[in-house]
Amino acid sequence: MCGRYTLHAHPDVVALLFGLSEVPAYQPRFNIAPASQVLIVRRDQERNVAAQVRWGLVPRWAKDPSIGARMNNARAETVAQKPSFREAYRKRRCLIPASGFYEWKAEGGRRQPYYVYPAGAELFAFAGLWERWQGPHLSLETCAIITTEANAKMAPVHERMPVIVSPADYPAWLTGGEVPLKPCADEAIGIRRVSRAVNNARVDHAGLVEPEAG
DNA sequence: CCAGACGTTGTT
DNA sequence: GTCTGG
DNA sequence: CCAGACGTTGTT
DNA sequence: GTCTGG
């Protein structure tokens, strides 16, 4: 799955790679957790546009937006059918820029975090969905990250991983085209063991992505 | 018909 | 909103 | 994803 | 055990 990630590229780099005329100012982040505001790229009137939305998709029909806490990920295998995601899958897709992501592996009773980063690229673009929810007193924009089976390189650490869209597929994904939601190539990622300090979602500093022995 | 769910992951 | 279960 | 809470009453 | 908050 994908329950924590990082984004520490300069906003100008994000603008260049995603064809954006503006990107909201943001601080580098090394421990982005569900329920926080995250940067997404979506299609708006034939242009790519960045926005900050809450991670945890709240379906349009939800009576209580706290349901979003359980909608951080959507399975690629079923995203087109599930009531919570299918409308967004057809009409409200997004790309989610990331410098890397964390996955935990059970190691002798403990859960050990690993950091996965792009090999030969500056950023990942996760396949995502977004939604707009309107309550009586509150309106919310939210998103979810689509996951798929792990590729061979990830598999020893974790059996799922986020869908990573290649730059050639950005336009098709954002405009509702057919893009296979498959794991990326083994060569596209690097993996390293990192400190368990990342477990605490309130901790956020560059040291979290540094390699740890073991 | 109405009531109730609508999700993923990891662990057992 | 829409589908499944009762 | 992990960490941390999980409750009510009455008073300030 | 399960839910909420970060």
Side-chain angles (χ1 to χ4, degrees), chain A residues 1-7 26-39 52-92 96 98-117 124 126-136 138-140 142-150 154-164 181 183 189 191-205 207-209 212:
Chain A
M1 117 132 5
C2 180
R4 296 287 178 87
Y5 72 96
T6 71
L7 180 59
Y26 63 82
Q27 292 301 117
R29 293 174 70 189
F30 297 87
N31 200 358
I32 299 172
S36 55
Q37 292 290 118
V38 301
L39 186 76
Q52 298 273 167
V53 307
R54 185 182 169 95
W55 182 11
L57 189 141
V58 179
R60 305 180 74 73
W61 43 260
K63 290 185 184 70
D64 177 359
S66 69
I67 190 176
R70 293 174 291 174
M71 308 283 184
N72 306 316
N73 294 135
R75 291 175 67 87
E77 297 89 332
T78 54
V79 67
Q81 286 85 43
K82 292 288 185 182
S84 294
F85 300 128
R86 62 192 169 195
E87 190 183 323
Y89 175 75
R90 281 188 281 110
K91 300 181 192 167
R92 286 178 293 279
I96 303 178
S99 300
F101 60 93
Y102 300 97
E103 296 287 6
W104 279 258
K105 174 189 168 86
E107 288 180 359
R110 282 193 167 182
R111 306 260 304 152
Q112 173 62 47
Y114 287 78
Y115 186 62
V116 185
Y117 53 92
F124 288 134
F126 298 152
L129 307 173
W130 68 277
E131 194 54 274
R132 184 173 286 143
W133 181 82
Q134 181 64 58
L138 172 73
S139 97
L140 277 180
T142 58
C143 69
I145 294 170
I146 300 177
T147 62
T148 186
E149 61 189 322
M154 275 280 344
V157 168
H158 202 79
E159 62 182 19
R160 306 284 303 171
M161 70 188 297
V163 172
I164 291 158
L181 299 178
I189 61 172
I191 306 180
R192 61 181 177 240
R193 190 181 212 262
V194 293
S195 161
R196 291 172 66 244
V198 72
N199 287 9
N200 188 333
R202 282 178 288 209
V203 175
D204 186 343
H205 58 78
L208 296 178
V209 302
E212 186 193 67

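Here is the naming used below: chain letters follow the sequence lines, and residue numbers restart at 1 for every chain.
Using a 4.0 Å heavy-atom criterion, one finds that A/R196 contacts no nucleic acid atom at all. Using a 4.0 Å heavy-atom criterion, one finds that A/E87 contacts no nucleic acid atom at all. Note on A/Y5: nothing from the nucleic acid sits closer than 4.0 angstrom, heavy atoms only.
In the set B/dG7, B/dT9, D/dC1, D/dC1 carries the atom at the smallest distance from any side-chain atom of A/R111. With B/dG7, C/dG1, B/dT8 as the choices, the nucleotide that has an atom nearest any side-chain atom of A/T147 turns out to be B/dT8.
Of the options A/L129, A/L39, A/V53, A/L57, a side chain to side chain contact (heavy atoms under 4.5 Å, CB included) to A/C143 is made by A/V53 and by none of the others.
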- [ ] Using the side-chain contact (heavy atoms from CB on, under 4.5 Å) rule, take A/W104 and A/N199 through it: C-alpha gap first, then chi angles, then the decisive distance, then the call.
- [x] CA-CA 9 Å; A/W104 279 258; A/N199 287 9; 2.8 Å; yes

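Annotation: A/Y5 is not in aromatic contact with A/F124 [ring centroid separation under 6.0 Å not met].
If you take CZ of A/F101 and P of B/dT9, they are 13 Å apart, rounded to a whole angstrom. At whole-Å resolution of the value, CD1 in A/I145 and P in B/dG7 are 18 Å apart. A/W133 has its CH2 atom 14 Å from the P atom of C/dG1, to the nearest Å. Look at CD1 on A/I146: it is 12 Å from P on B/dT9, rounded to the nearest Å.
The side chain of A/R60 contributes no N or O atom lying less than 4.0 Å from OP1 or OP2 of C/dT2. Remark: A/K82 is in phosphate contact with B/dG7, judged by side-chain N or O atoms under 4.0 Å from OP1 or OP2. Note on A/T78: a side-chain N or O is less than 4.0 Å away from OP1 or OP2 of B/dT8.
Taking the charged nitrogens against the carboxylate oxygens, A/E77 and A/R75 do have a contact shorter than 4.0 Å, which makes a salt bridge.
Judged by distance alone, the side chain of A/T6 and the main-chain N or O of A/G100 form a donor-acceptor pair under 3.5 Å. Although no hydrogens or angles enter the test, the distance criterion places a donor-acceptor pair under 3.5 Å between the side chain of A/W55 and the main chain of A/N72.
Across all their heavy atoms, A/P65 and A/V58 have their closest contact at O-CG2, 3.3 Å.
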Each nucleotide N or O in nucleotides 4-6 of chain E that has a protein N or O under 3.5 Å away: list the pair and distance.
{"residue": "E/dG6", "atom": "N7", "partner": "A/P34", "partner atom": "O", "Å": "3.2"}
{"residue": "E/dG6", "atom": "O6", "partner": "A/P34", "partner atom": "O", "Å": "3.4"}
{"residue": "E/dG6", "atom": "N2", "partner": "A/R4", "partner atom": "NE", "Å": "3.4"}
{"residue": "E/dG6", "atom": "N2", "partner": "A/R4", "partner atom": "NH2", "Å": "2.8"}

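Across all strands shown, the partner of D/dA3 is E/dT4, judged by Watson-Crick or G-U wobble contacts whose two distances both fall under 3.5 Å.
Ring-base stacking between A/Y102 and D/dC1 is not satisfied when judged by a centre separation under 5.5 Å and a plane angle under 30°.
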